[in-house]
Amino acid sequence: QDHVHTWSKKEVALEFKKASLEFKRIFSREAKTAGAAGWQANAHSLAVYDDENLLYASDTRGTHPAYPKINEKIYKTLQIPTNLPTLDELIGRPEFPLATLDDYYLSLLRSDRVNVLTIHAEIEGMKYLDFFEKFLWKARDRGIIVKTLNTVARETLIHPEEIPILNLTQGKIAGRSGHLALLE
């Protein structure tokens, strides 16, 4: 029978510290953000982010930036969730042919919220680079402004009283296996 290791807060903090030190070694500055692969977050990771005074994190799926809450605990590190499907969640599905996928993405963009698309260096940066460049050119031609999450976080945090508090739960997303951290 398989055994799944459940990490303690201490173990999460130690791993995060190792990653932070490596980041600082490479970039000569402190990390101000975190993002978990596969949109994995829990009470331990959120507590570590708070302890490290991160500006924001982006390791959830949801609709808009929020402060995450688990049970009665509200965490102070802003979460900026991915709210658009990733390319690997759509590619290969007959209802999303690559030839029109850029237009599909553009149709999903909403003016009443920050639109967050997670891109993968190994996908959009390599095999589907032509697709991604075409998408960016079309977005620019339509007047869509692309911002970094750092900019989004700083703009959002200007009015912290307007930032909603949303429950962090575990759930599924179409086209992706396993459970993910969701802000609802």
Side-chain angles (χ1 to χ4, degrees), residues 2 4 15-16 19 22-23 26-27 31-42 45-46 49 54-66 68 77-157 163-164 166-184:
D2 291 340
V4 176
E15 289 301 310
F16 190 82
E22 188 64 9
F23 182 94
I26 294 168
F27 297 105
K32 297 293 181 195
T33 183
W39 297 278
Q40 299 298 306
N42 59 36
S45 63
L46 299 179
Y49 296 166
L54 296 183
L55 178 63
Y56 72 95
S58 185
D59 47 16
T60 58
R61 299 296 285 263
T63 57
H64 50 277
T77 304
L78 179 69
Q79 275 286 334
I80 304 176
T82 295
N83 55 17
L84 295 170
T86 63
L87 187 58
D88 62 324
E89 291 167 0
L90 302 179
I91 218 72
R93 292 170 61 185
E95 66 269 34
F96 299 111
L98 186 60
T100 58
L101 206 47
D102 53 348
D103 289 324
Y104 175 70
Y105 270 114
L106 291 169
S107 77
L108 295 176
L109 302 181
R110 294 181 37 181
S111 61
D112 64 338
R113 69 179 186 200
V114 173
N115 297 280
V116 180
L117 172 62
T118 294
I119 60 171
H120 301 91
E122 71 278 11
I123 299 173
E124 291 89 346
M126 297 181 85
K127 184 172 183 181
Y128 294 99
L129 181 59
D130 290 341
F131 158 80
F132 190 55
E133 286 178 337
K134 181 180 165 191
F135 167 72
L136 289 174
W137 283 112
K138 278 188 170 183
R140 187 199 68 160
D141 290 347
R142 293 185 185 187
I144 295 166
I145 298 169
V146 176
K147 298 180 181 181
T148 65
L149 289 185
N150 185 61
T151 299
V152 170
R154 291 186 187 285
E155 291 173 355
T156 302
L157 290 166
I163 299 171
L166 297 175
N167 289 313
L168 188 138
T169 63
Q170 300 295 313
K172 292 189 171 268
I173 296 283
R176 180 144 314 269
S177 63
H179 284 82
L180 316 173
L182 307 176
L183 279 180
E184 302 178 310

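Scope of the values below: all heavy atoms of this structure, side chains included, with no hydrogens, waters or symmetry mates.
Side-chain contact of D88 with T86: a donor-acceptor pair under 3.5 Å is present, judged by distance alone. The closest side-chain donor-acceptor pair between Q79 and D59 falls under 3.5 angstrom.
Heavy-atom contacts from other residues, nucleotides or ligands closer than 6.0 Å to CZ of R140 number more than 12. The number of heavy-atom neighbours closer than 6.0 Å to CD1 of I145, taken from other residues, nucleotides and ligands shown, is 12 or below.
The shortest side-chain heavy-atom distance between F135 and L106 falls under the 4.5 Å cut-off. Here the side chains of L180 and Q40 are in contact, with some heavy-atom distance below 4.5 Å. Taking the side chain as every heavy atom from C-beta outward, P81 and L166 never approach each other to under 4.5 Å. When side chains are defined from C-beta on, D103 counts as touching K138, because their heavy atoms get closer than 4.5 Å. Within the 4.5 Å cutoff, side-chain heavy atoms of L183 are placed close to those of P68.
Closest heavy-atom contact between A181 and A41: CB-N, 3.6 Å. Closest approach of P85 and Y105 over heavy atoms only: O-OH, 2.7 Å. Of all heavy-atom pairs spanning P65 and I163, the tightest one is O-CG2, 4.3 Å.
Taking CD1 of I119 as the reference point, atom CG of L87 lies at 10.5 Å (rounded to 0.5 Å). Atom-to-atom distance recorded for T33:OG1 and L149:CG is 7.0 Å, nearest 0.5 angstrom. Taking NZ of K147 as the reference point, atom CZ of R154 lies at 13.5 Å (rounded to 0.5 Å). Note that OG1 of T118 is 8.5 Å distant from CD of E89, once rounded to the nearest 0.5 Å. Between the OH atom of Y49 and the CG atom of L55 there is a distance of 13.5 Å, given to the nearest 0.5 Å. To the nearest 0.5 Å, atoms CD1 (I144) and CG (L109) are separated by 4.5 Å.
Classification of the F23-F27 ring pair by plane angle, with boundaries at 30° and 60°, yields tilted. In this structure, Y104 and F96 have tilted ring planes: the angle between them lies in the 30° to 60° band.
A side-chain donor-acceptor contact under 3.5 Å links T156 to the backbone of V152. Side chain of S58 to backbone of I80: a donor-acceptor contact under 3.5 angstrom is found.
Within the structure, no pair that satisfies the salt bridge (charged side-chain N to carboxylate O under 4.0 Å, His left out) test touches residues 117-131, not counting sequence neighbours.
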Using side chain to side chain contact (heavy atoms under 4.5 Å, CB included), reason through I91 and F131 one step at a time and then give a plain yes or no. CA-CA 11 Å; I91 218 72; F131 158 80; over 6 Å; no

Passes side chain to side chain contact (heavy atoms under 4.5 Å, CB included), N83 versus L108? Steps please. CA-CA 10 Å; N83 55 17; L108 295 176; over 6 Å; no

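Between Y128 and F132, the distance separating the two ring centers is not shorter than 6.0 angstrom.
Using a cutoff of 4.0 Å between basic side-chain nitrogens and carboxylate oxygens, K134 and D141 are not scored as salt-bridged.
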